[in-house]
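Beneath this line is the structure, given in structure tokens, with notes to follow.
Just so you know, ligand 1 is whichever comes first in the structure, and atom 1 is the first atom listed for that ligand.
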Amino acid sequence: MTIQTRDDYIASLRKLNLNLWMFGKRIDNPVDHPILVPSMNAVAATYELALDPRHEDLMTAASHLTGKKINRFTHVFSSTEDLIKKVRRQRMLGQKTACCFQRCVGMDAINAVYSTSFEIDEKTGSSYHANFKKFLLRVQEENLVVDGAMTDPKGDRSLAPHQQKDPDLYLRVVERRPDGIVVRGAKAHQTGIVNSHEILVMPTIAMQEKDKDYAVSFAVPTDAPGIVMILGRQSCDTRKLEGGDIDTGNSRFGGHEALVVFDNVFVPQERIFMNGETDFVGMMVERFGGHHRPSYACKVGVGDVLIGATALSADYCGVAKASHVRDKLVEMTHLNETIYSSALACSMEGWRTPSGAYQIDQMLANVCKHNVTRFTYDIARLAEDIAGGLMVTLPSEQDFRHPEIGPYIDKYFQGVQNVATEARMRVLRLIENLTLGTGAVGYRTESMHGAGSPQAQRIVIARLANFDLKKRLAKEIAGIKD
Ligand code: SF4
Ligand code: FE
């Protein structure tokens, strides 16, 4: 059945039999768990907005496989326009949720595996692309959430996968059978896994011939036997257990990550998209990274919310007209729009791969993500500067609601006369959420390390910089003859 509405989506999650752990306990029902509900709401927004005529153009597309209308999170980018729409949609969803809405990892993985499996088949005569198209057709028809899985734990980073003392530190094939393979290992930092129906696995680094068993790509349902999820903690996560809706800062939406263990998981033949082709690992990794880096236009949307919250905090305490406050808000906007510009630019410079799927411009995509690793921090710093210390010394919502001491908080934290103290508290908690709380996982540390840490981008930028060309240009202008 096709998942269309929020209710359909929640019902589909209830049917999953996940092996999920949190705080030392197995969680039978993640769908109603207060720590996880906000993250489910964020993914549900990707269904709700697709049904909203105002957002239909950014949220849905015609499938290149069937011509039918599908959710863009399951779409293969078939033009530069598709790439551009992705960036615009990422910003819009960031504005509406102010968090990581999770579904983009799978979309970018779908696109990387689609084009790479095509090229493996072209070279080797394998049938991975046909396998993948069959998988994708089901994902599109049923409108499933797919979690892309790339990051292995990696153990000793100075050693290749096959050199690790514990061979499972990179996910690998441990058994080959006529009907499929058995895999063992883990994927770390899995964004949105609890809210996903399928997990699409890819290798994490370029590999040598000896790493053959690690060169594997496949998809399995998230409740396949042998899959174990251990939820990652987020700063201030247990505030969600306190009740109330002020102290979390963003009580409706959030994200989550988990360690996902593959404890001897069976993968049938028709769900394998790479199995030992070490030559193509680099392509798959680079194409996924290339797509996922401009997906961080999500942070531009979250940045819009943070800039808005910062401006409100200035309004509420009467400093909005101070020239340095105005200037800092302009600076935040400039930084935010610079990220957006590079995300759009790499999409406009997209190119067609042999499969027909479009790929972004690598240089500009890496510049985009590199901007994200810095500018979100600068924006967060300016937000904290304007918000002031109250953001981290504010008493709790329970104190505010208490009949005896609440009135003190109300009286002494009043700012400008026509704004309620509660409004001021809410906006400061939102800034706290995005810069230090659960939202900061997405806005700060994920901005640093998600879709590759800064050094990963510098390596690509260095490789594509073409300094020889630049030197030749300089020689020409300066009149230097060899
Ligand atoms: Fe999507 Fe952004 Fe979250 Fe990555 S960080 S999954 S791009 S919302
Ligand atoms: Fe991410």
Side-chain angles (χ1 to χ4, degrees), residues 38-47 49 58-59 71-75 77 83 85-112 145-151 187-196 199-200 202 204 232 234 250 253-260 285 288-306 336 339-340 342-344 346-347 360 365-366 368-373 375-377 434 438-454 456-457:
S39 80
M40 183 186 70
N41 288 340
V43 182
T46 70
Y47 289 96
L49 291 167
L58 290 187
M59 296 298 298
N71 192 296
R72 277 192 181 269
F73 280 103
T74 68
H75 186 44
F77 309 122
L83 295 169
K85 281 188 179 166
K86 171 181 98 166
V87 170
R88 293 192 175 131
R89 189 203 56 219
Q90 293 294 96
R91 183 175 193 167
M92 185 267 287
L93 274 161
Q95 290 173 340
K96 298 224 179 269
T97 61
C99 72
C100 168
F101 37 88
Q102 309 147 54
R103 206 172 168 186
C104 357
V105 201
M107 166 192 65
D108 292 329
I110 284 171
N111 277 276
V145 178
V146 177
D147 200 12
M150 177 162 275
T151 311
K187 292 287 181 182
H189 327 300
Q190 273 314 123
T191 293
I193 187 71
V194 180
N195 297 324
S196 303
I199 180 162
L200 174 53
M202 301 160 285
T204 195
Q234 296 182 334
N250 181 357
F253 298 111
H256 73 251
E257 286 76 27
L259 172 68
V260 180
V285 171
F288 171 74
H291 279 310
H292 206 45
R293 287 170 191 173
S295 285
Y296 273 57
C298 63
K299 308 301 177 208
V300 181
V302 182
D304 289 327
V305 176
L306 182 54
N336 204 39
I339 297 173
Y340 191 52
S342 47
L344 283 175
C346 75
S347 308
I360 45 61
N366 280 274
C368 171
K369 177 67 214 320
H370 209 54
N371 288 341
V372 174
T373 67
F375 297 170
T376 53
Y377 283 78
L434 292 172
T438 53
V441 177
Y443 194 65
R444 288 170 59 128
T445 312
E446 191 176 44
S447 288
M448 180 67 81
H449 295 293
S453 308
Q457 290 116 48

Within the distance-only criterion (no hydrogens, no angle test), does the side chain of [X] pair as donor or acceptor with the backbone N or O of [Y] below 3.5 angstrom?
{"X": "Ser39", "Y": "Gly254", "value": "no"}
{"X": "His291", "Y": "Asn111", "value": "no"}
{"X": "Lys86", "Y": "Met107", "value": "no"}

Relative to the heavy atoms of [X], which atoms of ligand 1 are at a distance of less than 4.0 Å?
{"X": "Ser295", "value": "7 (S)"}
{"X": "Val105", "value": "6 (S)"}
{"X": "His292", "value": "4 (Fe), 7 (S)"}
{"X": "Gln90", "value": "1 (Fe), 7 (S)"}

Looking only at protein heavy atoms, which one is nearest to [atom], and how far off is it?
{"atom": "atom 5 (S) of ligand 1", "answer": "Glu446 OE1, 3.0 Å"}
{"atom": "atom 8 (S) of ligand 1", "answer": "Phe101 N, 3.4 Å"}
{"atom": "atom 3 (Fe) of ligand 1", "answer": "Cys100 SG, 2.3 Å"}

Contact check, side chains of Met448 and Tyr377, non-hydrogen atoms, under 4.5 Å: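 Yes; the side chains approach each other to less than 4.5 Å.
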
Tyr296 and His292 aromatic ring geometry - parallel, tilted or perpendicular at 30°/60° bounds: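 His292 vs Tyr296 ring planes: perpendicular.
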
Aromatic plane relationship, Phe101 with Phe73 - under 30° parallel, 30 to 60° tilted, over 60° perpendicular: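 Taking Phe101 first and then Phe73, their aromatic rings stand perpendicular (interplane angle over 60°).
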
Closest non-hydrogen atom pair between Cys346 and Ala365, with its separation: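 Here Cys346 and Ala365 meet closest at CB-N, 3.3 Å.
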
Part of Gln102 with heavy atoms under 4.0 Å of ligand 1, whether side chain, backbone, both or neither: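 The backbone, only.
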
Residue Cys104, metal atom 1 (Fe) of ligand 1, N/O/S under 2.8 Å: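 Looking at Cys104, which is the residue asked about, there is an N, O or S atom under 2.8 Å from atom 1 (Fe) of ligand 1.
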
Whether Cys298 has an N, O or S atom under 2.8 Å from atom 2 (Fe) of ligand 1: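 Checking Cys298: at least one N, O or S atom is under 2.8 Å.
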
